[in-house]
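One structure is given below, encoded as structure tokens.
Values below: every heavy atom of this structure, side chains too, minus hydrogens, waters and symmetry copies. Throughout, protein chains are lettered first and strands after them, A, B, ... in sequence-line order, and every chain is numbered starting at 1.
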Amino acid sequence: MNLALSKLPPSFYLRPTVQVARDLLGKYIVHKFKGKRLVGRIVEVEAYCRNDPASHSYRGQTERNRVMFWTGGHLYVYFTYGMHFCANVVTRNEGVGEAVLLRAVEPVDGLKEMMKQRGTTPQEGGGQAGDYGSYRRIANLTNGPAKVCEAFGIDRRLNGADLTGNRVFIGEIKNRYEKIKIGASTRVGIVSGQEKMWRFYIKENPFVSKAKVHP
DNA sequence: TGGACGATCCCCT
DNA sequence: GGGGATCGTCCAT
């Protein structure tokens with residue numbers, strides 16, 4: 001597959017974070033990795049804003065979260081639980097400190113490499129030659145924020161990467177308008193009495209994460 | 001200098 | 001549905 005994608009302009013990322021989060025649904029993230037072109041369609045995101053107790057930026061800038069305070073259009077990658085990376089799209093102007101967490105994507109291109117990164121192989125558990133396996137199996141490659149990073153080879157080396165550059169970027173298909181049904185819920189793993197509905201996903205999309213959402 | 005904990009995932013029951 | 005893995009980060013001594 002070789003989609004003709006046009007990169008989103010810097011102005012896309014400078015808008016209000018919740019708006020950017022919703023608009024990222026249906027867009028394509030691309031990482032040129034080990035000579036391969038890994039592509040995923042974004043199907044689930046979460047917004048993290050200033051004055052938001054759940055945001056890494058809430059207590060101000062630190063060595064870990066400094067990229068969150070860069071100008072919109074950069075990639076903020078952090079390490080968590082001693083073993084996982086998560087990728088965020090920085091939004092708004094320099095110094096604000098807001099971002100959108102990429103929670104799940106639909107694998108589009110480079111599935112073989114994604115499986116290699118995730119420690120699985122094509123055809124495992126049956127299937128014909130050239131078959132990547134069941135829907136469920138493919139979804140399991142990238143239906144969670146740390147899974148996305150592992151499958152796409154995203155780690156701390158990409159922290160601060162320019163999303164309007166060539167190595168890793170987000171784009172959309174030229175001349176295609178697609179109507180998307182967007183669902184909203186509270187964010188995953190956030191404990192707060194007044195948690196906002198800042199998790200957004202494409203409704204009825206099988207690649208959305210299976211993470212439990214507390215009521 | 002140390003202890004608590006996390007925007008998670010996977011395996012086990 | 002529950003718990004363990006595993007370590008960087010942050011804040012309180």
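Look at OH on A/Tyr76: it is 9 Å from C1' on B/dA7, rounded to the nearest Å. Atom-to-atom, NE2 of A/His56 to C1' of C/dG8 comes out at 11 Å; the value is rounded to the nearest Å. In this structure, the OH atom of A/Tyr78 is 16 Å from the P atom of C/dG8, given to the nearest Å. Rounded to an integer number of Å, the gap from A/Glu63 CD to C/dC11 P is 14 Å. If you take CG of A/Leu141 and C1' of B/dC10, they are 15 Å apart, rounded to a whole angstrom. Between the CZ atom of A/Phe85 and the P atom of B/dT8 there is a distance of 15 Å, rounded to whole Å. For the pair A/Asn143 CG and B/dC9 C1', the computed distance is 10 Å after rounding to whole Å. Atom-to-atom, CG of A/Leu102 to P of B/dT8 comes out at 13 Å; the value is rounded to the nearest Å.
The side chain of A/Arg59 places no N or O atom within less than 4.0 Å of a non-bridging phosphate oxygen (OP1 or OP2) of C/dT9. For B/dC10, the OP1/OP2 oxygens have a side-chain nitrogen or oxygen of A/Arg118 closer than 4.0 Å.
Checked against the 6.0 Å centroid criterion, the rings of A/Tyr78 and A/His56 qualify as a close aromatic pair. For A/Tyr135 and A/Phe207, the gap between ring centers is short of 6.0 Å.
Of the candidate nucleotides B/dA7, B/dC9, C/dT6, B/dA7 has the atom lying nearest to any side-chain atom of A/Ser55. Closest contact between the side chain of A/Arg156 and the listed nucleotides B/dA7, C/dG8, C/dC10 involves C/dG8. When distances run from any side-chain atom of A/Tyr48 to the nucleotides B/dA7, C/dC10, B/dC10, the shortest one goes to B/dA7. Of the candidate nucleotides C/dC10, B/dC9, B/dG6, B/dG6 has the atom lying nearest to any side-chain atom of A/Thr80. Distance from the side chain of A/Tyr81 is smallest to B/dG6 among B/dG6, B/dA7, C/dG8. Closest contact between the side chain of A/Met68 and the listed nucleotides B/dT8, B/dA7, C/dC10 involves B/dA7.
When both distances must be under 3.5 Å, the Watson-Crick or G-U wobble mate of C/dC7 is B/dG6.
Nearer to the 5' terminus of DNA chain C, by closest-nucleotide assignment, is the contact made by A/Met83 (compared with the other of A/Met83 and A/Phe79).
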**OP:** Could you walk me through whether A/His84 and A/Phe79 pass the ring-ring contact (aromatic ring centres under 6.0 Å, His included) test, one step at a time?
**Re:** CA-CA 6 Å; A/His84 297 305; A/Phe79 183 68; 8.3 Å; no
**OP:** Assess whether side-chain hydrogen bond (donor to acceptor under 3.5 Å, both in side chains) is satisfied between A/Ser209 and A/Glu44, documenting all intermediate values.
**Re:** CA-CA 8 Å; A/Ser209 81; A/Glu44 180 183 350; 3.0 Å; yes
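Across the C1' atoms, B/dC5 and C/dG3 are found 16 Å apart, a figure rounded to whole Å.
Between the side chain of A/Asn140 and the backbone N or O of A/Arg137, no donor-acceptor pair lies under 3.5 Å.
Here A/Ala54 lies in heavy-atom contact (under 4.0 Å) with a base.
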